[in-house]
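One structure is given below, encoded as structure tokens.
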Amino acid sequence: MDKVEQKIIEVIDENKQVIIEFARDIYKNAELGYKETRTAEKVKEILSKNTKVLKDNLAITGVKGYLKELNDDDINIALIGELDAIVCPGHVYANKSTGASHSCGHHAQLAGIIGASIALAHEEIINNIEGNVIFFGVPSEEYGEIEFKNSLKDKNLIKYGGGKSELIRIGEFDDVDIAVVHHTRPGETDVIVGDSSSNGFLSKLIKYRGKASHAAGTPHLGINALNAANIGLNALSYQRETFKDEDSVRVHPIITKGGNLVNVVPDEAVIETLVRGKSIEAILDADRKVNRSFKSGAIAIGAEIEITTLPGYLPVIPLKPSEIIINIAKEVIPNGEIRKTEIGSHMAGSTDVGDLTHIIPVLKFETGGVNGALHSEDFNVVDEEVSYIVTAKIMALTAYRLLKEKASEAKKIKDEFKPKFTIKEYVNYMDKLENTFKGDYKNE
């Protein structure tokens, strides 16, 4: 490490308790997508001390801080942290009202970006950075609460359900040349560098409407919307053998409404689901089968049905694991367990990082320090040094190494990257996809 890098490590170590206390606070006060007002304020509070330009309320709750004054000639490296949590009411730190829990590990990302901001803003460091660093708190990576997000869309507050997708649309990634992203990974490995491919998805909202009647006295006068939903779900289960293994299709619906009172025939049932697949073609094929299945329930019972389908996330297109980050990880934890993501590995889950990978280079790393399964009540932080402090050090050092020596490494990555879409092409693609499903299906 050169003297600047040694100073970065020193400053983060000096502020270790500040970073850990911040992470603990976010961990214990989780918020759901597009509702992360407290979380955004906490991020903003620290970034306001360490950035020259600060923007907030981006895509409702996003916070974007620039290390230096804006310069159109600069290469800009974005360090990204996700503000939102998931619904996991059984977790020890779940919000009692909403069930929100950071068993997704997003709070560790936020610890990374605020720790990096503290270090890189230091007077002995900032003048050695030959470009700009953006500390970006982004909303709504987890794609849940589809009805709520559709309500925001109806109010013209957002257009896309995913935070990064929406930020791309409104132009907040126009000045980002390279993104550095992070995730938490349970297990024995301290740092994993690189990314796997992932599934993309469409989001669906299915509403069955029947007719209320007394459930015991006059059930024959009603039309049971919940029965229609159950038939639709059963029909879907019979489709599963038609999905090809190599397409990695996943469809996992939940019923968010199944009636109002036990003695009333349910006149409305609501289902939310994602339709995931490894390719756009696989997603569209699965979507047609999902629609057929849900329509069958309405036809059988005589209920009305309305299916709303919206674009979700694109599959991740992974870059080769970054040798810069691998070398940094080895220097930060010389006795740690460090490995690269296996080439060709695939994740059946989805992330709006996939949308970013279509337009800019994305460098990813994961840190351990946790056990239990992600998105479960068993998730637990067991090593704050690895989960929070190592994350901050890798983020800060990666930004510095990409930008040192006239940003030669950053320029090389940018020049070699072949985007699938320009930002304008991406927005056009998403809009075209949305228009394809507008008025997807409604019977009367």
Side-chain angles (χ1 to χ4, degrees), residues 87 89 99 143-151 161 199-245 247-278 280-312 348-350 375 433-434 436-444:
V87 176
Y143 206 109
E145 296 193 296
I146 296 172
E147 277 199 281
F148 167 69
K149 290 181 178 178
N150 285 350
S151 74
N199 279 353
F201 72 85
L202 298 171
S203 80
K204 301 184 76 68
L205 182 69
I206 301 97
K207 291 186 177 181
Y208 291 96
R209 292 187 178 88
K211 182 180 178 182
S213 185
H214 195 290
T218 55
H220 58 285
L221 299 180
I223 298 174
N224 194 314
L226 182 58
N227 285 350
N230 281 325
I231 290 174
L233 291 168
N234 275 291
L236 174 60
S237 70
Y238 287 108
Q239 298 284 2
R240 297 186 188 279
E241 66 183 23
T242 72
F243 302 143
K244 293 187 289 186
D245 292 344
D247 286 339
S248 193
V249 171
R250 300 287 189 276
V251 185
H252 39 90
I254 61 170
I255 297 178
T256 60
K257 184 177 181 181
N260 295 307
L261 289 173
V262 71
N263 62 343
V264 179
V265 171
D267 63 349
E268 185 178 39
V270 180
I271 293 173
E272 293 184 6
T273 193
L274 303 183
V275 180
R276 306 187 199 245
K278 197 173 184 178
I280 297 298
E281 293 75 18
I283 296 168
L284 294 176
D285 175 70
D287 186 67
R288 286 188 289 270
K289 295 172 182 177
V290 169
N291 283 351
R292 287 204 307 263
S293 299
F294 286 130
K295 290 173 189 177
S296 72
I299 293 168
I301 299 300
E304 296 178 6
I305 184 173
E306 182 177 357
I307 302 174
T308 304
T309 305
L310 293 172
S350 309
H375 291 204
L433 193 61
E434 182 178 15
T436 299
F437 296 110
K438 192 167 285 185
D440 187 19
Y441 184 81
K442 184 176 181 179
N443 74 345
E444 300 292 346

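Note that the structure is predicted; figures quoted are calculated from it, not measured. These numbers come from the heavy atoms of this one structure, side chains and all, not from hydrogens, waters or symmetry mates.
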Other residues, nucleotides, ligands: >12 heavy atoms within 6.0 Å of Phe148 CZ
yes
Tell me, yes or no, whether the heavy-atom count around Lys211 atom NZ, taken from other residues, nucleotides or ligands under 6.0 Å, exceeds 12.
no
Measure the [atom1]-[atom2] distance between [X] and [Y] for me, rounded to the nearest 0.5 Å.
| X | Y | atom1 | atom2 | answer |
| --- | --- | --- | --- | --- |
| Asn234 | Ser296 | CG | OG | 9.0 Å |
| Glu272 | Leu205 | CD | CG | 6.0 Å |
| Ile254 | Lys257 | CD1 | NZ | 14.5 Å |
| Ile305 | Ile206 | CD1 | CD1 | 7.0 Å |
| Ile299 | Ile231 | CD1 | CD1 | 10.5 Å |
| Ser151 | Glu145 | OG | CD | 9.5 Å |

Quick one, [X] and [Y] - any side-chain contact, counting heavy atoms below 4.5 Å?
| X | Y | value |
| --- | --- | --- |
| Leu310 | Ile146 | no |
| Lys204 | Asn291 | yes |
| Pro253 | Leu236 | yes |
| Glu147 | Lys207 | yes |
| Val290 | Leu202 | no |

For [X] versus [Y], what's the shortest heavy-atom pair and its separation?
| X | Y | answer |
| --- | --- | --- |
| Ala215 | Val264 | CB-N, 3.8 Å |
| Gly161 | Lys149 | O-NZ, 3.4 Å |
| Ala269 | Ala229 | CB-CB, 4.0 Å |
| Arg276 | Ser350 | NH1-OG, 2.8 Å |
| Ala303 | Ala228 | CB-CB, 4.1 Å |

Salt bridge (Lys or Arg N to Asp or Glu O under 4.0 Å) against Asp267, all qualifying residues, sequence neighbours excluded:
none
Donor-acceptor pair, side chain of [X] and main chain of [Y], under 3.5 angstrom:
| X | Y | value |
| --- | --- | --- |
| Lys289 | Thr242 | yes |
| Asp285 | Glu281 | no |
| Ser213 | Val265 | no |
| Thr273 | Val251 | no |
| Asn199 | Ser248 | yes |

Using the test ring pair (Phe, Tyr, Trp, His ring centres under 6.0 Å), find all partners of Tyr143 that sit at least two apart in sequence or belong to another chain.
Phe201, Tyr313
Restricting to pairs with a member in residues 204-233, which pass ring-ring contact (aromatic ring centres under 6.0 Å, His included), not counting sequence neighbours?
none
